[in-house]
Each structure stands twice: as C-alpha cells, then as structure tokens.
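Below is one structure, written out as structure tokens; comments come after it.
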Amino acid sequence: MLRPNTLHALLAIVFLAVAPALADAQSAGYPDPSFGTNGIAPLASFGVGQLGAIGLQHFGGEERIVALGPNNAWKLARYKFTQRGVQLDTSFGVQGYVTAPVNGANARLGMVVQADNKLVVVGVVTKSRKEGGVLTVARYTENGVLDTSFGDGGIVTLPAYSNARLPRLQSDGKILLAVAIYPSDTVVIRLNQDGTPDPTFGETGVVTLANVGSVYALVAQPVQNEAGQTVEEKIVVTTARDVPTDADPNRKVGAVVRLKADGTLDATFPWLAVGAHGTYPADVTVDGAGRIVVGGSASYQVEGVWHYDVMVARYRADGVLDATFGPWGGGVSTQHSPGGVIENVAIGSDGKILVVGYPTPTYPNSRGLLVWRFDESGQPDASFGDDGLMFTLTTDSSGEFDPFGSMWAFGPGPIIAFPDAGNTFLVGGVAYVAQSKRVVTAVAALGRFVY
C-alpha cells in the first residue's frame, strides 16, 4: 500500500498527461485544477479497487458525495467537499462508513439518492455457496442508518433473483429494479416507498419481458399533456439480445422497450440497431423535453480486430427516433475515432449530452477515460475538450504501462454527478498509479472536470 504522500506525488506526475494543455484547464472538458491534485482526489477510505456508484446529497446550500464500493464490497462512505478535494464526513454511519447489513460477499452493486437524501442500495448477497446469491435492497437514512420504515428493518430480500441492474426512482419515490434472466429474458420489479411489491405493476410488482435480451439500464419517463402536466410515468428499458450472423456469431442487437405505468408493454418502440453492427445500449436517461437518450457502443470486426464506436440515440417523447438528432438525422450519432465502450450517459442543465466510458483497448494493459459531449442536435460539442472529446489512453508500443501517461478508467454504476450547480461534473472510478513499468496500483478516486 502506498503512503498518502507518495500516492499524491505519483498522482501529480501521472495525471499531467490527461489534458496536454493544463493552461486551458478552466475550459470545458478539462480537469478542474482546484480539485485534489490536478483534478484527481484519491479516496483512501476505499484503497485499492474501483467504485460501484457515486451520488450527491443536498443539505441546503451544501453538497456531500456518497461513494459505494469498491469492487464487490458493500461499503459506503460520505465526503465533504473542501477547497482542495474531499474529506471523510465522520457524521455519516460509523465514523464516515456504512458496511453490508448482512454477512457475505456482494456483487453488482448499485445506489441511488432519493429526494429526501435517503440512500437506496442494491446488491447480491451470497451467504454461502449452497444458498447462492440473494438480491438485497437496503435503504439508509440521510446519515447512514438503516431506515426501519423500509422492508424488514431497512432491508428487502428478493431471493428469486441473483442479479440486478442499477436502481432507479420514479417521481413518486417508487423504486425500479431490472434483472437479467438467462438466456434472453428481463424482469422489471417495482417496489413501493416502504419496500413492499407494488400490486399495481404487473403481477404483484413484477413484469417479465420474454426474449427481449439482457437488460442494460432503465429509467422512468414522465409523459405530459399539452398543459405540461404529467399524466403517466412510463418505464424505458434498454436491452441487448443475441442476433448472430455468419460473420459475427457473437453479435448483439440493442433494444429499447417501454412499459406503461401498469407494466404492460408499450408496442410503439422500435428495435434500436446501428447498421449491421452489434449494439450495446449501456445507459438511458430522459431530457427536460421528455426525450429519451440512449448511450452505448456499436461493435464490429475488421480483419479479425474488434472496433467499438461511440453511439448516442435520441427518441422523441412518443417513442419515435428523433430525425433532428445526429449528423445525418435519423436519431443516431456515432463516433468512430477514437472509439470506446460507453458505460454512462447524462444530460447537463443546458441540454447537452455527456457519454462516459473507456477507450477501445489497444493493448491488454491499456487504461483510460473517454468523455464525449454532444450538443442538442447530436453533433460533437466543439467547445468541450478537443472538438467535443476528453480522452486519455495509457500504454506503450509493447503494451506495457507508461508511468508518464494518463491514468483514468472507472467502474460500473451511475458515476456522473453535477455539483456546483452544474459548473463541473464528477466521475468516480479508478486512478491507475504506476509504480513501475509492470506494477500498477488501482486506487479508488474521484475526478472533477469543468463542464
């Protein structure tokens, strides 16, 4: 384990390559030099590993950030923002931490912050090899105590399922979960605010979508009338199902599925596909106009080499691809160079779209962070980074880690947050710190960038 002073020194050296022109660091898309060391704040509370999720709590005019992870550990920590980074908030949980409510390993963690600052955490708890995994939902008060008004002492267990995608919230506070069922089904679950299954949704709170593929993400979509009043809240789910071809037996095609408020299928949605490519609709969100924005990747092979294009698609509120979006119209925008594997999509208060992922690996030891920003028409935003792109990639010609290269990659989860009234954005993940050409320490960290 590196000592803090040594770690900060290495961070200062390694991160210099993230933005070649730190003189422009106050420009959109560059690291915020007032945060941590050149935009990076390591989270010593977690040590080695990658974060599962981050979320902001709001206390009047003060914001605090809660981090979940790393890896498979059910552990939360809350931090206060300081002038130079973050500081552990010891008023949260026990001396700043909350750990698993039950014994056992945890996998595929997710977290969401409610409007009242309560925290909903989802993970798979494995009590023993014989019992297998149990999907567990826990809710904590704003200060990290199990909320006894939720489930059984703050915990809801769903033993029929062994994995889940990120929890999402409806405007009424109900909790949405999505579960992939091998080989090609998806299950959507809705819980009331007290943790009980919602009997008005599907079959006692559960809807099974057969043969739509494995779920990637979901979001609630408010549907408004002409007066601007919300009349229904539909649920949008992105999936990818196997559609093999002779040229690509592993090809997947992304789908966007919408459910009505009662859980019945809304048949107005088309399958989302980009040419003959496989598509991975990794994340979905809804903008201020009610339009649905999907971020993901399109994969294909050229002479045996895999390529991953960055892909953003936008649907109108009625579920039709938005012909005003993208360089060619038709609702889809793709970027071939540099390609990347997208994990998250978020929309700023100005309506611009951020997609975050990692660059297509050139070598096995490649590490990096990729952030594209698109304007409302689906074009790369030239005012952000380098013609719309903030991009880092670390490797050398032999595939060895370059200790003077960039160092960012990140873990799964809703890892984009907008503090400072949206003037900056946070990415939670991993700072890869090189101790030598072949020895790398992965340190849980936060990066803050100028929006």
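Side chains included, hydrogens not; waters and symmetry mates left out as well; all remaining heavy atoms used.
Counting only distance, with no hydrogens or angles, the side chain of T239 and the backbone of V215 share no donor-acceptor pair below 3.5 Å. Judged by distance alone, the side chain of T208 and the main-chain N or O of V187 form no donor-acceptor pair under 3.5 Å. Proximity of a side-chain donor or acceptor of E232 to a complementary backbone N or O of A261 within less than 3.5 Å is detected. Remark: the backbone N or O of E142 is paired with a side-chain donor or acceptor of Q57 at under 3.5 angstrom. Here the side chain of T136 pairs no donor or acceptor atom with the backbone of T157 at under 3.5 angstrom. Panel note: side chain D152, backbone I155; no donor-acceptor pair is recorded below 3.5 Å. Using modelled atom types, no side-chain atom of Q221 and backbone atom of V286 make a donor-acceptor pair closer than 3.5 Å. Of the possible donor and acceptor atoms, none in the side chain of S214 sits under 3.5 Å from a partner among the backbone N and O of T186. At least one donor-acceptor pair under 3.5 Å links the side chain of E233 to the backbone N or O of S171. Between the side chain of R190 and the backbone N or O of D262 there is no donor-acceptor pair closer than 3.5 Å.
Of all heavy-atom pairs between V112 and P167, the closest is CB-O, 3.9 Å. Across all non-hydrogen atoms, the minimal contact from Q379 to P327 is NE2-CA, 3.4 Å. Nearest approach of L389 to P338, heavy atoms of both residues: CD2-CD, 3.3 Å. Closest heavy-atom contact between S91 and R78: OG-NH2, 3.2 Å. In terms of heavy-atom proximity, D375 sits nearest to F325 at O-CE1, 4.2 Å. Residues A77 and Y97 share a closest heavy-atom pair of CB-CD2, 3.9 Å.
In this structure, T99 OG1 and W74 CH2 are separated by 10.5 Å, a value rounded to the nearest 0.5 Å. In this structure, D32 CG and F449 CZ are separated by 9.5 Å, a value rounded to the nearest 0.5 Å. In this structure, the separation between OH on Y308 and OG on S297 is 8.5 Å, given to the nearest 0.5 Å. If you take OG1 on T285 and CD1 on I292, they are separated by 10.0 Å, rounding to the nearest 0.5 Å. For the atom pair CG (L76) and CE (M111), the distance works out to 6.0 Å, reported to the nearest 0.5 Å.
Sorted by first and then second residue, the pairs that involve residues 169-184 and meet salt bridge (Lys or Arg N to Asp or Glu O under 4.0 Å), not counting sequence neighbours, are K174-D198. Residue pairs meeting the salt bridge (Lys or Arg N to Asp or Glu O under 4.0 Å) criterion with at least one partner in residues 322-335, sequence neighbours excluded, are R314-D322. Legend: salt bridge (Lys or Arg N to Asp or Glu O under 4.0 Å) pairs involving residues 291-301, not counting sequence neighbours, sorted by first then second residue: D287-R291, R291-E376. Sorted by first and then second residue, the side-chain hydrogen bond (donor to acceptor under 3.5 Å, both in side chains) pairs involving residues 175-185 (not counting sequence neighbours) are S184-N211.
Remark: E62 engages R64 in a salt bridge (charged side-chain N to carboxylate O under 4.0 Å, His left out) (not counting sequence neighbours). Residues forming a side chain to side chain donor-acceptor pair (under 3.5 Å) with N117 (at least two apart in sequence, or on another chain): none. Not counting sequence neighbours, D194 has no partner by the salt bridge (charged side-chain N to carboxylate O under 4.0 Å, His left out) test. Applying the salt bridge (charged side-chain N to carboxylate O under 4.0 Å, His left out) test to K80 and every residue at least two apart in sequence or in another chain returns nothing. A search for ring-ring contact (aromatic ring centres under 6.0 Å, His included) contacts involving Y451 returns F418, not counting sequence neighbours. A search for salt bridge (charged side-chain N to carboxylate O under 4.0 Å, His left out) contacts involving D266 returns K234, R258, not counting sequence neighbours. With sequence neighbours left out, T141 forms a side chain to side chain donor-acceptor pair (under 3.5 Å) with no residue at all. H307 is linked by a ring-ring contact (aromatic ring centres under 6.0 Å, His included) to Y300, counting only residues two or more places apart in sequence or in another chain.
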Audit row: V257, L265, side-chain contact (heavy atoms from CB on, under 4.5 Å) steps and yes/no: CA-CA 8 Å; V257 179; L265 189 65; 3.2 Å; yes
Set out, in order, the CA-CA distance, both residues' side-chain angles and the distance that settles side-chain contact (heavy atoms from CB on, under 4.5 Å) for L177 and V137, then state yes or no. CA-CA 10 Å; L177 306 172; V137 185; 3.8 Å; yes
Given the rule in the side-chain contact (heavy atoms from CB on, under 4.5 Å) test, do V206 and F201 qualify, once you have shown the distances and angles that lead to the verdict? CA-CA 7 Å; V206 177; F201 183 75; over 6 Å; no
Is there a side-chain contact (heavy atoms from CB on, under 4.5 Å) between L426 and I65? Walk through the geometry before answering. CA-CA 10 Å; L426 290 168; I65 186 164; 3.5 Å; yes
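A salt bridge links D318 with R316; the closest basic N to acidic carboxylate O contact falls under 4.0 Å.
A cation-pi geometry, defined here as NZ or CZ lying under 6.0 Å from the six-membered ring centre and within 45° of its normal, does not hold between K352 and F374.
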